[in-house]
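None of the values given here were measured: they were computed from a predicted structure.
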There are 4 protein chains.
Amino acid sequence: MVITASREERQTDILKAAIRVFSEHGFDGAKMEYIAKEAGIGKGTVYEYFESKDRLFEEILKFSVDRYSQGLKEAIDQGKTIEERILNCSRFNVEFLNNHMEFMHIAMQIKMLSKEIRAHHMAVHAVILEHYSEMIKEAKANGELRPDLNEEIAMFCIIGALEQFCKQRFYMDPRPLEEKDYQAIVDVLLRGLK
Amino acid sequence: MVITASREERQTDILKAAIRVFSEHGFDGAKMEYIAKEAGIGKGTVYEYFESKDRLFEEILKFSVDRYSQGLKEAIDQGKTIEERILNCSRFNVEFLNNHMEFMHIAMQIKMLSKEIRAHHMAVHAVILEHYSEMIKEAKANGELRPDLNEEIAMFCIIGALEQFCKQRFYMDPRPLEEKDYQAIVDVLLRGLK
Amino acid sequence: MVITASREERQTDILKAAIRVFSEHGFDGAKMEYIAKEAGIGKGTVYEYFESKDRLFEEILKFSVDRYSQGLKEAIDQGKTIEERILNCSRFNVEFLNNHMEFMHIAMQIKMLSKEIRAHHMAVHAVILEHYSEMIKEAKANGELRPDLNEEIAMFCIIGALEQFCKQRFYMDPRPLEEKDYQAIVDVLLRGLK
Amino acid sequence: MVITASREERQTDILKAAIRVFSEHGFDGAKMEYIAKEAGIGKGTVYEYFESKDRLFEEILKFSVDRYSQGLKEAIDQGKTIEERILNCSRFNVEFLNNHMEFMHIAMQIKMLSKEIRAHHMAVHAVILEHYSEMIKEAKANGELRPDLNEEIAMFCIIGALEQFCKQRFYMDPRPLEEKDYQAIVDVLLRGLK
DNA sequence: GATGAATGAGCCTTCATTCAT
DNA sequence: AATGAATGAAGGCTCATTCAT
């Protein structure tokens, strides 16, 4: 335990430890004791930083969703063409979901989030969709995508394909993803199945 | 409580009640008492049909996954062209997931499934992928899809897009899906984004 | 299941089955279902003959204690000398306890016997002591035992030694008892240790 | 609740409380809540010291049996003659069994002791018999007891008579034991009934 | 009368939370 | 501020008892 860690650093340590423990054990299976141990602190100390297990979970969710949103934005911005951008999104999704897949699943089924957090979650989710939506709009404006493309549907195709691919590899077939895999996805998405 | 229900009918009633309760409350949040109440029977009676909560969950999973696999197969078989088939898959997915979405999410993160059930689950998942895979192969053979299409990727694009669409509508935007929505998805998938 | 069994015979069958099950599983461990199965009847049928588990246990206790008292009396009466009589008691004790040892232990710690049954139990116990007491008195009168012998203590020595011997052989050292063992006990009791 | 109690003291407190509760209610009748209340602590706290009810019972058994064995040894060692020694054993038995009688009965019918504990129990029982056996051997060597005495039988007579006496007084006739009672037992044992 | 499916009170055990140190 | 021993509410499961057939 680093004595000199600031309150904020300590809080982040707990947050990250908690993500690992929630991911491994699910919400109800994640005992506060595990989280404390994972963070290398005493059980009571967690309560110095987060008032309850529910609240801790909510903070994690916020933290993760914010990081995802921000990371996705960067991934998109660092590409020039729509192809590069989708490729970047793919890579970012894989990287992020490899670390947070389980956690995101847990998050999705939690019904008892506080109104505040639920609102935040919805808001950030909307922001994420917005990132994709803008990307698609720009590409349409540039002529990279056909002008009559249904933007919403396109978005879901991209997101869904990427996510499905991550899931398959994560749960069923743990081959490491290679560059050609990313290329193949983008290829199918852009050219269609025909 | 229907007095005349056979043992098998009663068991199915409990199964269905349990799906609803697990979906609503998650695995740990689903109290056996809720399940019993939902099925309109006493708490102890559930144990006459399923030896434990874990075992009950496993049976549900088997039941649901089998029904999904079978339903998907039928959906595919009832279409002639690849377009019709994907449309049917879409409709079936929406219908099924509307009823079982939450439950399937719960199922995905359960780590402590028995070896037997885990094996069954993986096997049925493989069968499901096989249904999609065959559909794509046939369509390639017929010339409906281009011959150089990466089948695995195509499969993930189709599954992912459909699922993503269901999820979006389920969680975020509960508009009922219309026929034009299905058409739009198939259109994007088949024609590509370009 | 013998259809023609009279109500009384059926009741005795259940009683005997219950003794076996209580002996094997203890009071709380003895499920009514086991007892029914052991008696070859349905669970509900037990309740046609005994109104509750507690009542059934009490009836067994009565039954057993009566049989013990009666058997002991016969064993004593069939001997002429004090030596023969103690030998007979030994043999009877061994035989009876081999079949009812566990059950008697269970009986001893049951605190919640009804007043009525507790009274009966005490009464029969007193009768048993009386059998021994009379035996000793008669032997004193005959000059077989010394006139200054403390009758109560003598009784406890006889009962205790016999019982201890049975217990040892039952729990720790399951050699079958032989005639010479009985002789040795009587010998020590009558001649003293010195 | 003594705040300053060490972990070990607290554990012993629970042990002793549990002996009382098991003695009063039997194994299955002894609710963990009663034990906690008897020890003056919360229900959950018992589990900080003993992992389960079964384990707690086993620990008590070990504890009691060890104390009995040790106490008996001391009782014997503090006597010079065989008479003194048997007197000491009597007094010790009465004292110990007055406090643990019920518990020892419960212990005897527990079938599901772990192998380890069962082995320990048997071992200590053997040690106890050994204490008696040695006492008798020494007395024979000293000429206090006759040389042709069957040691095993003698042992059972002594143990049985003492125990029977305790039981009688405990269950049926709660007069306090007086010195002359002890004397009478030893007298009968040593001089024989004749 | 005989049955066994259904019932729910009751108990062992877990774990989020508190609080004295 | 940090800790972890103590707590008790809550839930999975058992089984004596009931009652419709």
Visitor: Of all the choices, E:dA16, E:dT13, E:dA6, which nucleotide is nearest to the side chain of B:E48 once you look at every atom?
Guide: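 Selected nucleotide: E:dA6.
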
Visitor: Check whether any side-chain heavy atom of C:Y68 sits under 4.5 Å from a side-chain heavy atom of C:V124, and report yes or no.
Guide: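 Result no, sub-4.5 Å side-chain heavy-atom pair not found.
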
Visitor: Quickly work out the A:D28 CG to E:dT13 P distance and round it to whole Å.
Guide: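 Rounding to the nearest Å, CG of A:D28 and P of E:dT13 are 21 Å apart.
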
Visitor: Could you check whether A:K53 makes a cation-pi contact with A:F27, meaning its NZ or CZ is under 6.0 Å from the centre of the six-membered ring and within 45° of the ring axis?
Guide: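 Cation-pi check for A:K53 and A:F27: passes.
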
Visitor: Here's a test of your reading of the structure: between D:E51 and C:V46, which maps to the more 5' nucleotide of DNA chain E?
Guide: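 Closest to the 5' end, via its nearest nucleotide, is C:V46.
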
Visitor: Specify the residue among D:G42 and C:S52 whose closest nucleotide of DNA chain F lies further upstream toward the 5′ end.
Guide: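 Its nearest nucleotide lies further toward 5', so the answer is D:G42.
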
Visitor: For the pair made of CD1 in C:I14 and C1' in E:dA2, what is the distance, rounded to whole Å?
Guide: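 Distance, rounded to whole Å: 11 Å.
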
Visitor: Take the protein atom CD of C:Q11 and the nucleotide atom P of E:dA2, then report the distance between them rounded to whole Å.
Guide: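 In whole Å, E:dA2 P and C:Q11 CD are 11 Å from each other.
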
Visitor: I need the CD1-P distance between B:I41 and F:dT18, as an integer number of Å.
Guide: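 Those two atoms, CD1 and P, are 21 Å apart.
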
Visitor: Check the distance between E:dA16's C1' and A:F57's CZ and give it to me in whole angstrom.
Guide: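 So the CZ-C1' distance, A:F57 to E:dA16, works out to 16 Å.
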
Visitor: If the condition is salt bridge (Lys or Arg N to Asp or Glu O under 4.0 Å), which residues does B:K62 pass it with, not counting sequence neighbours?
Guide: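 Expected list: B:E116.
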
Visitor: Pairs counted only when both distances fall under 3.5 Å, Watson-Crick or G-U: show me the 5' to 3' dot-bracket for DNA chain F, [ ] for pseudoknotted crossings and | for other-strand partners.
Guide: .||||||||||||||||||||

Visitor: Measure from the side chain of D:K43, starting at C-beta and using heavy atoms only, and say which of E:dT13, F:dT7, E:dT18 lies closest.
Guide: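 Looking only at side-chain atoms, D:K43 lies closest to E:dT13.
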
Visitor: Please state how far atom CZ in D:R7 lies from atom P in F:dG4, giving the value in whole angstrom units.
Guide: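 D:R7 atom CZ is separated from F:dG4 atom P by 13 Å.
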
Visitor: Quick one: which of F:dG11, E:dC12, F:dT17 gets closest to the side chain of D:K31?
Guide: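 Side chain of D:K31 sits closest to E:dC12.
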
Visitor: Just compare F:dT3, F:dA2, E:dA6 and give me whichever is closest to any side-chain atom of A:Y49.
Guide: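 Selected nucleotide: F:dA2.
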
Visitor: Could you state the atom-to-atom distance from CE of A:M32 to P of E:dT14 in whole Å?
Guide: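 From A:M32 CE to E:dT14 P: 19 Å.
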
Visitor: Provide, to the nearest angstrom, the distance between the OH atom belonging to A:Y34 and the C1' atom belonging to F:dG4.
Guide: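 After rounding, the reported distance stands at 17 Å.
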
Visitor: Just N and O in the side chain of B:R10: are any of them under 4.0 Å from OP1 or OP2 of E:dA5?
Guide: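 For B:R10, the contact criterion (side-chain N or O under 4.0 Å from OP1 or OP2 of E:dA5) is not met.
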
Visitor: Would you tell me if any nitrogen or oxygen in the side chain of D:T45 comes within less than 4.0 Å of OP1 or OP2 on F:dA5?
Guide: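 It does not, given that no N or O in the side chain of D:T45 lies less than 4.0 Å from OP1 or OP2 of F:dA5.
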
Visitor: Side chains of B:K37 and B:Y34: donor-acceptor distance under 3.5 Å anywhere?
Guide: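 No donor-acceptor contact under 3.5 Å links the two side chains.
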
Visitor: Are side-chain heavy atoms of A:Y49 and A:L56 found at a separation under 4.5 Å?
Guide: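 Sidechains of A:L56 and A:Y49: no contact.
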
Visitor: Please determine whether the number of non-hydrogen atoms from other residues, nucleotides or ligands lying under 6.0 Å from atom CD of A:E33 exceeds 12.
Guide: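 12 or below, so no.
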
Visitor: Have a look at D:A30 and say if it touches a base, only the backbone sugar-phosphate, or nothing, with a 4.0 Å heavy-atom cut-off.
Guide: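 Counting heavy atoms under 4.0 Å across all strands, the contact made by D:A30 is with sugar-phosphate only.
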
Visitor: In terms of side-chain heavy atoms of D:K53, which of E:dA16, E:dT13, F:dG12 is nearest?
Guide: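 Nearest to the side-chain atoms of D:K53, counting from C-beta on, is E:dT13.
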
Visitor: Establish, for the pair A:R67 and A:F96, whether the NZ or CZ atom is under 6.0 angstrom from the six-membered ring centre and no further than 45 degrees off its axis.
Guide: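 No cation-pi geometry.
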
Visitor: Would C:E24 and C:R20 pass as an ion pair if we require N to O under 4.0 Å?
Guide: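 Judged by the 4.0 Å cut-off on N to carboxylate O distance, C:E24 and C:R20 do not form a salt bridge.
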
